[in-house]
Number of protein chains: 2
Amino acid sequence: MKPGVGSAVILVVDDEPQIHRFLRPALEAAGYGVERADNGREGLRLSAARAPDLVLLDLGLPDLDGQKVLQQIRAFSKVPVIVLSARDRDAEKIAALDAGADDYVEKPFSVGELLARIRTALRHVRARDAAPERLEAGELCVDLAARRVTLSGQALQLSPREYALLALLASNVDRVLTHRQLLTAVWGPAHEEDVQYLRVYVGQLRQKLGAIGPSLIQTEPGVGYRLVLPET
Amino acid sequence: MKPGVGSAVILVVDDEPQIHRFLRPALEAAGYGVERADNGREGLRLSAARAPDLVLLDLGLPDLDGQKVLQQIRAFSKVPVIVLSARDRDAEKIAALDAGADDYVEKPFSVGELLARIRTALRHVRARDAAPERLEAGELCVDLAARRVTLSGQALQLSPREYALLALLASNVDRVLTHRQLLTAVWGPAHEEDVQYLRVYVGQLRQKLGAIGPSLIQTEPGVGYRLVLPET
DNA sequence: CGGCGCCTTTACGCCACCTTTACGGCCCCT
DNA sequence: AGGGGCCGTAAAGGTGGCGTAAAGGCGCCG
């Protein structure tokens, strides 16, 4: 999840169905979205494809060693990873933490503690990505706190979706947000395929932003969009 | 500790002398500097005065509740705090983590695990202060995080495949990537034989990179390609 | 009950990108 | 000298993505 919008998506990688049956309701009750992977390969694939905000990783997987999965995730992503494991050997913990895990929780664990550790891990990410809540670029000013956008002094009329989209882009200036990221954040996971929404709404935003619109919101073909600040 | 400079200083806040006698040598052997506080007030004072890189905080202190100490530290500092406690009640852990603790370790603990968790906490700080993931070579700058490539200041227009190819080469500077590696990573395993794709796209990249292009991306005949950084 | 805005969906033209084919040069080996 | 890989360049065709317009449905408010 990028700062400022919606809640987080958590990927659970575990081969035991009862863990999924147990964790999914708990996580969803806490307001998180949940993705499921039943083995290491699936976990790796979803880590890349869905870009979850946090990964809960079991060490004892049938196909790939959990340690290997962690290494490979770290090869391309800094997503927080909390290792769940029944193994309580010190060496195991130390190896996992040094391989890039952000925390290590022994099974059996209490849900409350796990949720607290998830909050802690997500807090770290937000501290790292912390964005100012007001952002100006020439004539344009996006005030996340006041939920207001002004262009050359006067307020812009934006529909809820238009604002959500612009706010998300503004919280990640200069960074590309993928179609999937934008769609899940603004329209929800159910519409993560509806790229046409983005075309329509980006078009509307560009139009409302006036002459500078097309240059402010840039298209990364096949990937997503980014908002840039023209150096004025 | 500031990024890239020396080693870290750790403040140990605990009222039991044997904990200090036990931890100080272990921490110093691991290369850390150690500050000692025997109660909550002293811990707060030293947190402010010495600006340690990490705090190990016992919850059971004689004068101030550890929870209070944590809150007050968080009022002025984001220093990582690892709570040590003999109390293993869930509510205690959750309260400490939500109050801003970065980790919670139950006594008795293993030194190895504690050191690993210290490394993890320090890694988080460094990640927060780290420079964006980018790679510069003379006029060329490849920014993996922003997904942007600039040449002498201005952004290059790259198609998705062009960018994927260049990014892969850039994250393996000076190393040869085989035809097969490049093809499977960019085009997928189904096209691992289509070496001609590489010829076409490497050609396009060299052209877009301008005069330095041909020297930047080197051909290893019969093997693959590598990206080199000219020493400027 | 009527109007209005917002969301969603469909349609369509355009352009860029991908893929493929063709050709010429270079090097090495015979 | 000749030939065969391998490499690089150019160009063409198809296609899929992108942007734009517009219409229908729905809810909200007057």
Side-chain angles (χ1 to χ4, degrees), chain A residues 6 147 149 155-169 176-227, chain B residues 147 149 155-169 176-228:
Chain A
R147 201 186 181 284
V149 180
L156 271 191
Q157 290 285 17
L158 295 183
S159 83
R161 312 255 169 184
E162 288 169 356
Y163 176 80
L165 186 58
L166 181 58
L168 191 57
L169 287 167
V176 177
L177 297 181
T178 66
H179 297 144
R180 187 176 298 268
Q181 285 176 318
L182 294 167
L183 286 165
T184 57
V186 176
W187 279 270
H191 294 87
E192 65 177 17
E193 308 278 321
D194 294 325
V195 188
Q196 178 64 10
Y197 286 3
L198 288 178
R199 302 203 185 98
V200 174
Y201 277 83
V202 167
Q204 291 172 3
L205 279 177
R206 282 178 176 151
Q207 195 174 348
K208 292 191 176 182
L209 292 177
I212 55 174
S215 63
L216 268 181
I217 305 183
Q218 296 183 345
T219 305
E220 290 290 327
V223 181
Y225 296 89
R226 84 167 80 206
L227 188 142
Chain B
R147 198 186 183 282
V149 180
L156 273 192
Q157 291 282 17
L158 295 183
S159 84
R161 313 255 174 192
E162 288 168 355
Y163 175 81
L165 186 57
L166 181 58
L168 192 56
L169 288 168
V176 178
L177 296 180
T178 66
H179 297 145
R180 184 176 300 264
Q181 284 176 317
L182 293 166
L183 286 165
T184 57
V186 176
W187 279 270
H191 294 87
E192 66 177 14
E193 308 280 320
D194 294 325
V195 189
Q196 176 63 10
Y197 286 3
L198 287 178
R199 303 205 182 94
V200 174
Y201 277 84
V202 166
Q204 290 172 3
L205 279 178
R206 283 177 174 150
Q207 193 175 347
K208 291 192 177 182
L209 292 177
I212 55 175
S215 63
L216 269 181
I217 305 182
Q218 296 183 346
T219 305
E220 291 291 327
V223 181
Y225 296 88
R226 84 169 73 195
L227 188 141
V228 300

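A note on names: the letters A, B, ... follow the listed sequences, proteins ahead of strands, and every chain is numbered from 1.
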Whole angstrom value for the distance that separates P of D:dT9 from CD1 of B:Ile217:
11 Å
Gap between atoms CZ and C1', on A:Arg180 and D:dG17 respectively (whole Å)
17 Å
Rounded to whole angstroms, how far apart are CG on A:Leu198 and P on D:dT20?
14 Å
Using atom CZ of A:Arg206 as one end and atom P of D:dT20 as the other, report the distance to the nearest whole Å.
7 Å
How long is the line joining OH of A:Tyr163 and P of C:dC6, in whole Å?
16 Å
Measure the shortest side-chain to side-chain distance between A:Ile217 and A:Arg226 over non-hydrogen atoms and say whether it is less than 4.5 angstrom.
no
Spacing between A:Glu193 atom CD and C:dT8 atom C1', to the nearest angstrom
17 Å
Hey, mind stepping through B:Leu158 and B:Leu205 against side chain to side chain contact (heavy atoms under 4.5 Å, CB included) and telling me if it holds?
CA-CA 8 Å; B:Leu158 295 183; B:Leu205 279 178; 4.0 Å; yes
Is A:Arg199 close enough to D:dT20 that one of its side-chain N or O atoms is under 4.0 Å from OP1 or OP2 there?
no
So B:Val202 and B:Thr219, do their side chains get closer than 4.5 Å, heavy atoms only?
no
A:Leu177 pairs by side-chain contact (heavy atoms from CB on, under 4.5 Å) with which of A:Leu168, A:Leu198, A:Leu165?
A:Leu168
Per-nt protein contacts along nucleotides 14-30 of chain C (heavy atom under 4.0 Å; B base, S backbone sugar-phosphate only, - none) come out as ---SBBBBB--------
How about A:Thr178 and A:Leu183: do any of their side-chain heavy atoms sit closer than 4.5 Å?
no
Please round to 10 degrees the angle between the axis of the first five pairs and the axis of the last five pairs in the helix from C:dC1-D:dG30 to C:dT30-D:dA1.
20°
Residues in salt bridge (Lys or Arg N to Asp or Glu O under 4.0 Å) contact with B:Arg180, at least two apart in sequence or another chain
B:Glu192
If you define the side chain from C-beta out and look only at heavy atoms, does anything of A:Leu227 sit under 4.5 Å from A:Leu166?
yes
Contact between A:Tyr225 and A:Arg199 at the side-chain level, heavy atoms closer than 4.5 Å - yes or no?
yes
